[in-house]
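Quick note: numbers below take in every heavy atom, side chains included, and nothing from hydrogens, waters or symmetry partners. This is a predicted model, so every value here is computed, not measured.
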Amino acid sequence: MVHSDLGCPFCYLGEATLRRLEEAWQFTWTWEPFELHPEVPADGVELSGQAAEKLEQLYAQVLWVATTLKVPLNPPSCVPNSRRALSAVLALRETHPAACRTLRTALFDALYVERRRISTTEHIATIAAEVLAGDALAIAIEATRSDAAAVALRDAKERGFDALVTGVPVFRFFADDDERLDYRVMGAQPAETFERVFAALEVPKR
């Protein structure tokens, strides 16, 4: 299980690494949203001046990690509010799991590769329409406006707290499918870190 936030660059890097590992290892994983910064204004924040300089300094570290992991990254110029985007992805998780993953990847790429914004319904609808269609697209867009979707997002964060998750990304791998016996990888770690966990759990290779 992966606890992550679309507004977290280390979550983007960590999930990209995990997707690559699926090519070599036989494991499955589920996603649980964890909204890290609900205090960010609903439309996100476009930074300038001294605030932009501080963001640039933060991304100097992120860029170093991205280079090490060989994951493309173009630091965004804004700080997103991820609530609507997370709600859109979460709404697809049970009924459209493939679309859930597709949209999550598209939103990550939009923010951290294409430097697009992902905070508003309009931002999300535009990106979703590029990768989804039909019921999946309608469900995702509706969730950005839905009170029920917002409640589901809060419930997901509470489940994270119950699992002692306080920051993201956290990757939890279960022994014998038992959530009480989890091996954790925290942060954007290299593939070798995940592979040590796979070896401990005797995960077969493809």
Side-chain angles (χ1 to χ4, degrees), residues 1-22 25-40 42 44 58-59 61-62 64-66 68-69 71 73 79-95 97 100-101 103-105 107-108 111-112 118-119 143 146-204:
M1 178 177 290
V2 178
H3 300 264
S4 72
D5 185 353
L6 290 162
C8 166
F10 294 106
C11 295
Y12 159 69
L13 297 175
E15 286 203 29
T17 300
L18 200 61
R19 287 197 300 273
R20 289 178 179 174
L21 286 165
E22 285 181 300
W25 296 83
Q26 296 182 42
F27 68 95
T28 59
W29 52 290
T30 57
W31 171 80
E32 186 84 293
F34 190 95
E35 186 185 12
L36 196 57
H37 291 296
E39 74 278 3
V40 173
L58 168 66
Y59 270 98
Q61 177 188 3
V62 181
W64 183 86
V65 177
T68 301
L69 297 177
V71 177
L73 176 69
V79 175
N81 179 301
S82 62
R83 185 177 304 116
R84 293 186 182 97
L86 290 171
S87 294
V89 177
L90 179 59
L92 295 169
R93 188 176 63 180
E94 302 302 325
T95 59
C100 169
R101 178 167 175 159
L103 180 58
R104 191 167 74 255
T105 301
L107 289 164
F108 267 141
L111 181 60
Y112 295 113
I118 65 166
S119 296
S146 167
D147 291 338
V151 170
L153 184 61
R154 290 195 296 271
D155 289 345
K157 189 169 185 177
E158 287 299 322
R159 289 192 295 273
F161 285 141
D162 289 343
L164 305 181
V165 173
T166 57
V168 289
V170 174
F171 303 87
R172 301 167 60 212
F173 300 95
F174 306 132
D176 300 323
D177 294 325
D178 187 341
E179 289 199 25
R180 296 170 299 177
L181 303 172
D182 68 6
Y183 288 66
R184 299 192 178 203
V185 175
M186 302 174 68
Q189 300 292 335
E192 293 77 11
T193 300
F194 290 97
E195 288 174 333
R196 285 195 289 271
V197 173
F198 296 159
L201 292 172
E202 300 182 349
V203 175

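Scanning for ring pair (Phe, Tyr, Trp, His ring centres under 6.0 Å) contacts around Trp31 gives an empty result, with sequence neighbours left out. For Ala148, the side chain to side chain contact (heavy atoms under 4.5 Å, CB included) partners are Ser146, not counting sequence neighbours. Phe10 pairs by the ring pair (Phe, Tyr, Trp, His ring centres under 6.0 Å) definition with nothing, not counting sequence neighbours. Scored by the side chain to side chain contact (heavy atoms under 4.5 Å, CB included) test, Pro97 finds no partners at all (sequence neighbours excluded). Judged as a side chain to side chain donor-acceptor pair (under 3.5 Å), and not counting sequence neighbours, the contacts of Ser82 are Asp5. Checked against salt bridge (Lys or Arg N to Asp or Glu O under 4.0 Å), Glu22 has the following partners two or more places apart in sequence or in another chain: Arg101. The side chain to side chain contact (heavy atoms under 4.5 Å, CB included) check on Ala150 picks up Arg154, with sequence neighbours excluded. Taking the side chain to side chain donor-acceptor pair (under 3.5 Å) definition, one finds that Glu39 meets it with His37, sequence neighbours left out. For Gln61, there are no side chain to side chain donor-acceptor pair (under 3.5 Å) partners, not counting sequence neighbours. Qualifying side chain to side chain contact (heavy atoms under 4.5 Å, CB included) partners for Val203, counting only residues two or more places apart in sequence or in other chains: Trp25, Phe27, Phe198, Leu201.
Of all heavy-atom pairs between Gly14 and Ala188, the closest is N-CB, 4.2 Å. Across every non-hydrogen atom of Ala88 and Ala143, the tightest pair is CA-CB, 3.9 Å.
Counting non-hydrogen atoms of neighbouring residues, nucleotides and ligands closer than 6.0 angstrom, the CD atom of Glu202 reaches no more than 12 such neighbours. In this structure, Met186 places its CE atom where only 12 or fewer heavy-atom neighbours from other residues, nucleotides or ligands lie under 6.0 Å away.
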Show me the donor-acceptor pairs, under 3.5 Å and distance only, between side chains in residues 156-172 and residues at least two apart or in other chains.
| residue | atom | partner | partner atom | Å |
| --- | --- | --- | --- | --- |
| Lys157 | NZ | Glu35 | O | 2.6 |
| Arg159 | NE | Glu32 | OE2 | 2.8 |
| Arg159 | NH2 | Glu32 | OE1 | 3.2 |
| Arg172 | NE | Asp182 | OD2 | 2.8 |
| Arg172 | NH1 | His3 | NE2 | 3.2 |
| Arg172 | NH2 | Asp182 | OD2 | 3.4 |

Could you go through the side-chain contact (heavy atoms from CB on, under 4.5 Å) check for Phe173 and Val185 one step at a time?
CA-CA 8 Å; Phe173 300 95; Val185 175; 4.2 Å; yes
Assess whether side-chain contact (heavy atoms from CB on, under 4.5 Å) is satisfied between Val2 and Thr30, documenting all intermediate values.
CA-CA 6 Å; Val2 178; Thr30 57; over 6 Å; no
side-chain contact (heavy atoms from CB on, under 4.5 Å) for Phe108 and Cys11? Distances and angles first, verdict last.
CA-CA 9 Å; Phe108 267 141; Cys11 295; 4.0 Å; yes
Dump the intermediate steps for side-chain hydrogen bond (donor to acceptor under 3.5 Å, both in side chains) on Glu15 and Ser4, then the final yes or no.
CA-CA 9 Å; Glu15 286 203 29; Ser4 72; 2.7 Å; yes
Where do Ile118 and Leu6 land on the side-chain contact (heavy atoms from CB on, under 4.5 Å) test, with the steps shown first?
CA-CA 9 Å; Ile118 65 166; Leu6 290 162; 4.2 Å; yes
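A donor-acceptor contact shorter than 3.5 Å links the side chain of Tyr112 to the backbone of Gly7. Between the side chain of Asn81 and the main chain of Val40, a donor-acceptor pair closer than 3.5 Å is present. Without hydrogens or angle criteria, Thr193 side chain to Gln189 main chain gives no donor-acceptor distance under 3.5 Å.
Taking 4.5 Å as the limit, every side-chain heavy atom of Phe34 sits out of range of all side-chain heavy atoms of Leu86. The shortest side-chain heavy-atom distance between Pro80 and Leu111 falls under the 4.5 Å cut-off.
The distance from atom CG of Leu36 to atom SG of Cys8, rounded to the nearest 0.5 Å, is 6.5 Å. Separating the CG atom in Leu13 from the CG atom in Leu69 is a distance of 6.0 Å, to the nearest 0.5 Å. Rounding to the nearest 0.5 Å places CZ of Arg84 at 13.5 Å from CG of Leu107. Here the CH2 atom belonging to Trp29 is positioned 5.0 Å from the CG atom belonging to Leu18, to the nearest 0.5 angstrom.
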